[in-house]
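Note that the structure is a prediction, hence the values are computed from the model and not measured.
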Amino acid sequence: MTGSLRRAATALLTAACLATAPCYAQAQNKTAPSTPTQAPPSPQYVPPELPPSSPAPVPGRDLRLSLGPDYSKGKSWFPNVIGPYTPIGVPEPPLTNTPRISHLIQDGQLFLSIEDAISLALENNLDIAVQRFTPWLDEANLLFAKSGANGRVFTATGVGFDPTLTGSVLMEQITTPINNPFIAGVSGTIPSGLTQAPGLVDHNVVGNFTYLQNFHEGTQLSVSFNNTRSSVNFGGSDLFNPYVQSQLTTQITQPLLNGFGFVVNDRFIIEAKNTVKVGQSQFAQAVIQDVTTTENDYWELVYSIENIKVQETTVAADQQLYDNNKKQLEIGTLAPLDVITAESQLATDQQALVQAQTTRLQDETKLLNDITKDPLGSGLVGISIVPTTEIRTPEIVENIPIQDAVNEAWSKRPELQQAALNLKNAGVEVKATKNLLLPALNLFGEYQANGIAGNQHTAIPTGTFDTGTSAVFAAPGTGLPIGAATGFVGTPLSTAGPVFTNGLGTDLSTMIHAQYPTIEGGITFTLPIRNRAAEAQSGTAQINERLQETQYRQLQNTIFVAVRNAQIALVQDRAAIAAAEEARKLAQVSYDDEVKKLQLGTSTAFTVTQKQQLLTAAEGTELRDRANLIEAEVNFNQAMGRTLDVNHIIVDGAGPVSRTPNIPGTPSPSGPGK
């Protein structure tokens, strides 16, 4: 430091006359008060040899989340058809330090500029790494919302916007004992002399498929395709045995009141998209906060290192005074109280030096944690950080008109962007819940096409009930008399006429050509007699919107206070530096005068030491004020939302607010981005 070097030079100039002071003192009256005759020198600090400066940072530190995976997209069917049924791959987080930090280490010291510190923080700061997961989680929630699984359509139908295809295939054989052929609906020759009832064997193969999908307008589509093949061992009264039957049914339902429109059905998708932007803005806010913290911690370390120099100068002066007083006490030219006073002052200043050294270690630890993922990584244990950027005096930026400064902050602060997006979501909720107040009025239509084919017989069973016969079932040929009062006389289908065989192709052709169509349409409505649940939801949404509006204004005022305080801090710190510079100059003059008096024998070393302490205190105050000013500039950039721009950092969601919500009573802004 300049003042310390000047004091050291002054002390050296007076060394010659001070060297003979003990001999001169012995010739004086032993009872006369002695005068210490040597001013304490100031040690010189020699900075370490710095390595070549690191290359200038590349403009545009790109932290955009778009450079990573987008978890809101999901997996496509093409070209990997099984992709949608496999988990989304999430890479392991890198938890080791980036190589940049090892390039800055030489001889067990980490030579660090402010630009290097910011770059390392962006690469390694774990808080930034943790905050990066927030928008990714929001993207996954957006993917969930796109499926419709958390929306109204899913609640009403159990199916979202992702179509579903369900199917079932059934094969069965049913054997039923025949006790009454007429009731069983069978025909054919039943042999006599049976010891047990004959069995009706029914073979069935069923294949049914259903396609369900909901659309964003509220439309619901259902398409079902049902197929059955069946045969029995007795001809029965069926025209086809075996037979194949297919049925295609399409049903469309469109809400006309409750549930109609994009807002009510896409509310969670719209809100999830806004929430993704909120997450990106929160990430930008975390980057701003961590960069600000890193910068402040860097300058605190710079201050603590310089403060150690100041304390070392003071301790060296105290030590020299104590040694001189001790020597003069030994030769009897100084009272013991002066030695005790010097020793006490030395102990006090040594304690301050230890505290300054402790503070440096703490500041190194904080900064190392800011710029590393693993502070115990290779080469970092016990490392000493050497800042290579000196404290400078920032340019004057606090004279911006407060209205312009606040408008700029409103357009750039991520917190206000988040509040605007939350307010937008609240508006979506108001519109969606307003629709829920309406009665349900649904228009529906259904179309059904049927087909059938199989082994068709030309003979059709005919006959009449014969009340005169004694058999319930009497057919031409042999029969099985049962002894009832009535019976059915006819020609069994299985015993007459040629058979025409048709299969699935004829069945599907019959269905496709709509030979047996069914068309249906109508309207259904539901009118709640009381609608308290919907009223409560609508009221809650409106109250929340008003709450968000109030909080938005509150946040605007908070930003105004932060900007104003940041401006005041800059002004006050500049004024403090001016006062500290003047105080340091006056302390320097006072110290120089006291040294001259000492040379003339009109002062004492103790008085010179006091002036020395006042000068070092003034230098320490000036150093503290300069560090405060540069930290005030860092905080001012944070309050104004300039941190990313100043440090050339690109982050998604950190741009200007696209619009300002129309809040009653809010003046129209005229700042940037409005």
Side-chain angles (χ1 to χ4, degrees), residues 70-88 139-170 206-228 246-276 428-429 431-433 435-436 438-451 508 511-512 514 517-526:
D70 186 350
Y71 295 103
S72 68
K73 298 297 185 182
K75 294 185 177 181
S76 174
W77 276 67
F78 182 82
N80 184 8
V81 295
I82 66 172
Y85 310 107
T86 58
I88 294 177
E139 288 176 351
N141 290 332
L142 173 58
L143 180 62
F144 184 75
K146 287 179 178 178
S147 72
N150 60 346
R152 173 194 168 277
V153 291
F154 184 84
T155 303
T157 63
V159 179
F161 298 126
D162 289 348
T164 60
L165 179 64
T166 59
S168 63
V169 177
L170 171 68
V206 179
N208 297 334
F209 305 93
T210 302
Y211 177 89
L212 297 173
Q213 185 174 4
N214 291 288
F215 297 89
H216 299 273
E217 302 88 347
T219 307
Q220 301 166 9
L221 171 65
S222 172
V223 179
S224 60
F225 182 42
N226 299 328
N227 302 272
T228 303
S246 298
Q247 182 184 76
L248 179 65
T249 304
T250 302
Q251 187 178 50
I252 299 177
T253 302
Q254 175 61 57
L256 301 179
L257 294 176
N258 191 315
F260 173 78
F262 291 99
V263 172
V264 64
N265 293 292
D266 287 356
R267 61 190 279 199
F268 294 109
I269 297 178
I270 298 172
E271 293 173 7
K273 288 181 178 179
N274 290 332
T275 302
V276 169
V428 173
E429 283 292 306
K431 294 179 181 178
T433 54
N435 179 270
L436 297 178
L438 301 176
L441 181 65
N442 298 333
L443 175 66
F444 72 93
E446 180 178 319
Y447 171 79
Q448 187 179 93
N450 296 279
L508 294 177
M511 181 192 70
I512 293 172
T518 299
I519 301 176
E520 181 181 356
I523 295 178
T524 62
F525 73 92
T526 302

key: salt bridge (charged side-chain N to carboxylate O under 4.0 Å, His left out) contacts touching residues 208-226 (sequence neighbours left out)   = none

note = The reported gap from OG in S222 to OH in Y211 (rounded to nearest 0.5 angstrom) is 11.0 Å

inquiry  = For a side chain to side chain contact (heavy atoms under 4.5 Å, CB included) check, start with the C-alpha distance between E446 and T249, then their side-chain angles and the critical distance, and finish with the verdict.
reply    = CA-CA 7 Å; E446 180 178 319; T249 304; 3.7 Å; yes

query = Hey, does F161 have a side-chain heavy atom less than 4.5 Å from the side chain of I269?
reply = yes

message = Can you tell me which residue among V206, N208, T228 is in a side chain to side chain contact (heavy atoms under 4.5 Å, CB included) with L170?
response = V206

inquiry  = Check whether N442 reaches the backbone of T524 with its side chain - one donor and one acceptor, N or O, closer than 3.5 Å.
reply    = no

inquiry  = Using 0.5 Å steps for rounding, measure from the CD1 atom of I252 to the CZ atom of F444.
reply    = 12.5 Å

message = Counting neighbours of NZ on K273 that are heavy atoms of other residues, nucleotides or ligands and sit closer than 6.0 Å, is the number greater than 12?
response = no

key: Any side-chain heavy-atom pair of I270 and F262 under 4.5 Å   = no

Residue pair P439 / F525, side-chain heavy-atom distance below 4.5 Å = no

side-chain hydrogen bond (donor to acceptor under 3.5 Å, both in side chains) partners of E520, counting only residues at least two apart = none

query = At their closest point, which heavy atom of G167 faces which heavy atom of F209, and how far apart are they?
reply = CA-CD2, 3.8 Å

task = Any chance you could measure T210, atom OG1, to L165, atom CG, to the nearest 0.5 Å?
result = 8.0 Å

message = Minimum heavy-atom separation for L142 and S72, please, with both atom names.
response = CD2-CB, 3.6 Å

Cut-off 3.5 Å, no hydrogens considered: what does the side-chain donor-acceptor table look like for residues 73-83, sequence neighbours left out?
residue, atom, partner, partner atom, Å
K75, NZ, T86, OG1, 2.9
K75, NZ, P87, O, 2.7
S76, OG, F78, N, 3.2
S76, OG, F78, O, 3.3
N80, OD1, I82, N, 3.3

task = Report the distance from atom CD of Q247 to atom OG of S224, rounding to the nearest 0.5 Å.
result = 6.5 Å

ask   = Does D162 reach the main-chain N or O of G148 with its side chain, forming a donor-acceptor pair under 3.5 Å?
value = no

query = Of the non-hydrogen atoms in R267 and V264, which two are nearest, and what is the gap between them?
reply = CD-O, 3.6 Å

key: Sidechain-backbone polar pair: N435 side chain, G259 backbone, donor-acceptor under 3.5 Å   = yes

key: Interatomic distance, L443 atom CG to T219 atom OG1 [nearest 0.5 angstrom]   = 10.0 Å

note = In short, F260 meets P255 closest at the heavy-atom pair CD1-O, 3.2 Å

query = Rounded to the nearest 0.5 Å, how far apart are CG of N265 and NE2 of H216?
reply = 9.0 Å

inquiry  = With heavy-atom distances below 4.5 Å as the criterion, would you say the side chains of N258 and T526 are in contact?
reply    = no

message = Do L441 and I523 have side chains that approach each other closer than 4.5 Å (heavy atoms only, starting at C-beta)?
response = yes

